[in-house]
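Read the structure below first, then the notes.
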Amino acid sequence: MYDVNEIRKEFPILKQSVYGKPLIYLDNAATTQKPRCVIDAITEAYTNVNANVHRGVHFLSQKATEQYEEARATVRRFINARHAHEVIFTRGTTESINLVASSFGETFLTAGDEVIISTMEHHSNIVPWQLLAERKGIKLRVIPLTADARLDKEAYTALFNEKTRLVSITHTSNVMGVTNPVKEYIDIAHSHNVPILIDGAQSVPHKRVDVQELDADFLVFSGHKIYGPTGIGVLYGKEELLNRMQPYQGGGEMIQTVRFEKTTFNELPYKFEAGTPDYVGAIALAKALDYVTSIGVEKIAAHEQQLTLYTLEQLREIPAMRIFGNPDGAAISFLVGDIHPADLGTLLDRLGIAIRTGHHCAQPLIDHFGIPGTVRASFAMYNTQEEADILIAGIKRVIKMFG
Ligand code: PLP
């Protein structure tokens, strides 16, 4: 049994009122709220465990190190990586992609090489590659969309040539909530001997993602979008690739020996974790993943999908409603008539409804549609059908106000 009301009790922030109305939080694609166990894990770590990891022989440092490495093992299990040392802790999806762009780029790419991305990427899967293109003279190739706003598989296949070195695409669009059949895209890349990075920022929180089953070379995601804290995220990479890649940042922890003549680097995963890591963040992220596991990833996915379908049905009955793409995940982007998304967002906010408006850090996709932005409602494990109803009623009220 999936008891959403029991789940809601675990999220203290949801009890809040906004402008005298119960908070209806539908901006989960931006960040999720935190369950009590995650908040407590942060307090507990600073209260009883805090000491710098991997550095001290003393009791606390050992305890902190143990919990940090247990957190890595939890992430490994969650995404079914082969080895814990294939899990690198970063600040989040953005840093993970920058790490790959920088380290993979410096190691393997030269002028004229090509990287394939897509029209529906978040800026964090566009700009790092553009910066690399400027630095190294590589070329970006962009997968176009079909008329119904899906990735164009034929066009993707045609982009490969002898210069293609990497593919980097999103699993689920943060704007449209559409999930790409990435397994097929991975297999196509591999048939050309090209590795592929999957941006799991919007998929890992909403479905079971198994890196071995997918055979993804890299998978990235953010802790804060899966009920964990901000400032912590994950880069999964295949051992063989990570071993060959240059370090990302230099500093403590990532070295074996430092001499002015020559420095040698630490083994995985530490080679990519320069400086004091956010070990408290990692410990709390592991708590969040354990919490998700205890409820059941599949059960959460089914709940969110049912909510998405229900909301879509109601939205489609509203005249002048325009829904972008084919949402199958937990996010829906829409516009109503010529009401500006910012106006709709502001008025819904006054009704206690938190939704996102604008370009959602995906300007090329918004330009593709030729619109100023969208209104996006995105769901999490704690959202209810009543909240969807209040959203729909709110939208209808705003439409009335605009005549
Ligand atoms: N990729 C996608 C698909 C996203 O939705 C987001 C955040 O919204 C990111 C990347 C960037 O994530 P972060 O800001 O946590 O690094």
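Numbering starts at 1 and runs along the sequence shown.
- One distance of note links CD1 of I13 with CZ of R8; it measures 12.0 Å at 0.5 Å rounding.
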Pair up each side-chain donor or acceptor in residues 273-285 with any protein partner under 3.5 Å, not counting sequence neighbours, and list the distances.
unit_1 : atom_1 : unit_2 : atom_2 : d
E273   : OE1    : Y68    : OH     : 2.8
E273   : OE1    : R72    : NH2    : 3.1
E273   : OE2    : R72    : NH1    : 2.8
E273   : OE2    : F89    : N      : 2.7
T276   : OG1    : N52    : ND2    : 3.0
D278   : OD1    : G281   : N      : 2.8
Y279   : OH     : N50    : OD1    : 2.6
Y279   : OH     : A51    : O      : 3.3

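- Distance alone, capped at 3.5 Å, places no donor-acceptor pair between the Q67 side chain and the K63 backbone.
- The closest donor-acceptor contact from the side chain of N383 to the backbone of A380 lies under 3.5 Å.
- One side chain, T264 or T257, offers a donor N or O that lies under 3.5 Å from an acceptor on the other.
- A salt bridge does not link E69 with R76: every distance from a Lys NZ or Arg NE/NH1/NH2 to an Asp or Glu carboxylate oxygen is 4.0 Å or more.
- Looking at R165 and E114, their side chains never come closer than 4.5 Å, going by heavy atoms from C-beta outward.
- Ring to ring, Y382 and F11 are close: their centroids are under 6.0 angstrom apart.
- The shortest side-chain heavy-atom distance between L132 and I138 falls under the 4.5 Å cut-off.
- Looking at M381 and I295, their side chains come closer than 4.5 Å, going by heavy atoms from C-beta outward.
- A side-chain donor-acceptor contact under 3.5 Å links S222 to the backbone of T93.
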Would you mind writing out the side-chain donor-acceptor pairs for residues 174-183 within the sub-3.5 Å range, not counting sequence neighbours?
unit_1 : atom_1 : unit_2 : atom_2 : d
N174   : ND2    : H360   : O      : 2.9
T179   : OG1    : T172   : OG1    : 3.0
T179   : OG1    : K207   : NZ     : 3.3
T179   : OG1    : D328   : OD1    : 2.9
N180   : ND2    : T170   : O      : 2.9
K183   : NZ     : D187   : OD1    : 3.0
K183   : NZ     : L214   : O      : 3.2

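- Taking the six-membered ring for Trp and thresholds of 30 and 60 degrees, H54 and Y270 have ring planes more than 60 degrees apart, a perpendicular arrangement.
- Across all non-hydrogen atoms, the minimal contact from T65 to V53 is OG1-CA, 3.4 Å.
- Defined by atom type and a distance below 3.5 Å, a donor-acceptor pair is missing between the side-chain atoms of T146 and D152.
- Counting only residues at least two apart or on different chains, the ring-ring contact (aromatic ring centres under 6.0 Å, His included) pairs with a member in residues 320-342 are F324-F369.
- Residue L315 holds its CG atom at 9.5 Å from NZ of K396, rounded to the nearest 0.5 Å.
- Remark: E313 pairs with no residue by the salt bridge (Lys or Arg N to Asp or Glu O under 4.0 Å) rule, at least two apart or across chains.
- Shown here are the salt bridge (Lys or Arg N to Asp or Glu O under 4.0 Å) partners of D215, two or more places apart in sequence or in another chain: K238.
- Within a 6.0 Å sphere centred on CZ of R397, other residues, nucleotides and ligands contribute 12 heavy atoms or fewer.
- Sorted by first and then second residue, the pairs that involve residues 143-200 and meet ring-ring contact (aromatic ring centres under 6.0 Å, His included), not counting sequence neighbours, are Y156-F160, Y156-Y185, F160-H192.
- With contacts defined as side-chain heavy-atom distances shorter than 4.5 Å, the pair I79/D210 does not qualify.
- Applying the salt bridge (charged side-chain N to carboxylate O under 4.0 Å, His left out) test to pairs two or more places apart or on separate chains, those with a residue in residues 153-163 are K153-E184.
- V204 places a side-chain heavy atom less than 4.5 Å from the side chain of I226.
- When the salt bridge (Lys or Arg N to Asp or Glu O under 4.0 Å) test is applied to D3, no partner is found at least two apart in sequence or on another chain.
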Evaluate the side-chain hydrogen bond (donor to acceptor under 3.5 Å, both in side chains) criterion for residues H224 and T31: first the C-alpha distance (whole Å), next the side-chain angles of each, then the deciding distance (0.1 Å), finally the verdict.
CA-CA 6 Å; H224 70 98; T31 199; 2.7 Å; yes
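- Looking at K139, its side chain never comes within 3.5 Å of a backbone N or O of A133 through a donor-acceptor pair.
- The shortest distance between side-chain heavy atoms of Y248 and I88 does not fall below 4.5 Å.
- Rounded to the nearest 0.5 Å, atoms OG (S102) and CE (M245) are 8.5 Å apart.
- Here E267 does not pair with K271 in a salt bridge; the nearest charged N to carboxylate O distance is not below 4.0 Å.
- The number of heavy-atom neighbours closer than 6.0 Å to NZ of K15, taken from other residues, nucleotides and ligands shown, is above 12.
- Listed for the S96 side chain is a donor-acceptor partner under 3.5 Å among the backbone atoms of V234.
- Residue pairs meeting the side chain to side chain donor-acceptor pair (under 3.5 Å) criterion with at least one member in residues 288-299, sequence neighbours excluded: R208-E298.
- Residue pairs meeting the salt bridge (charged side-chain N to carboxylate O under 4.0 Å, His left out) criterion with at least one partner in residues 221-233, sequence neighbours excluded, are absent.
- The shortest side-chain heavy-atom distance between M120 and L151 falls under the 4.5 Å cut-off.
- Closest approach of T32 and Y227 over heavy atoms only: OG1-N, 2.8 Å.
- Residues passing the salt bridge (Lys or Arg N to Asp or Glu O under 4.0 Å) test with D27, sequence neighbours excluded: R376.
- Looking at Q16, its side chain never comes within 3.5 Å of a backbone N or O of L23 through a donor-acceptor pair.
- At most 12 heavy atoms of other shown residues, nucleotides or ligands fall within 6.0 angstrom of atom CG in D338.
- In this model, a donor atom of one side chain and an acceptor atom of the other lie less than 3.5 Å apart for E121 and S118.
- Minimum heavy-atom separation, G200 to P205: O-CD, 3.7 Å.
- Contact between L140 and I126 at its shortest, heavy atoms only, is CD1-O, 4.3 Å.
- Separation of atoms CZ (F265) and CZ (F272) is listed at 10.0 Å; rounding is to 0.5 Å.
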Using a 3.5 Å cut-off and no angle test, enumerate the donor-acceptor pairs between side-chain atoms of residues 344-355 and protein atoms at least two apart in sequence or in another chain.
unit_1 : atom_1 : unit_2 : atom_2 : d
T346   : OG1    : A342   : O      : 2.6
D349   : OD2    : Y19    : OH     : 3.0

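- Formation of a donor-acceptor pair under 3.5 Å by the H83 side chain with backbone atoms of H85 is not found in this model.
- No side-chain heavy atom of S168 sits under 4.5 Å from any side-chain heavy atom of I196.
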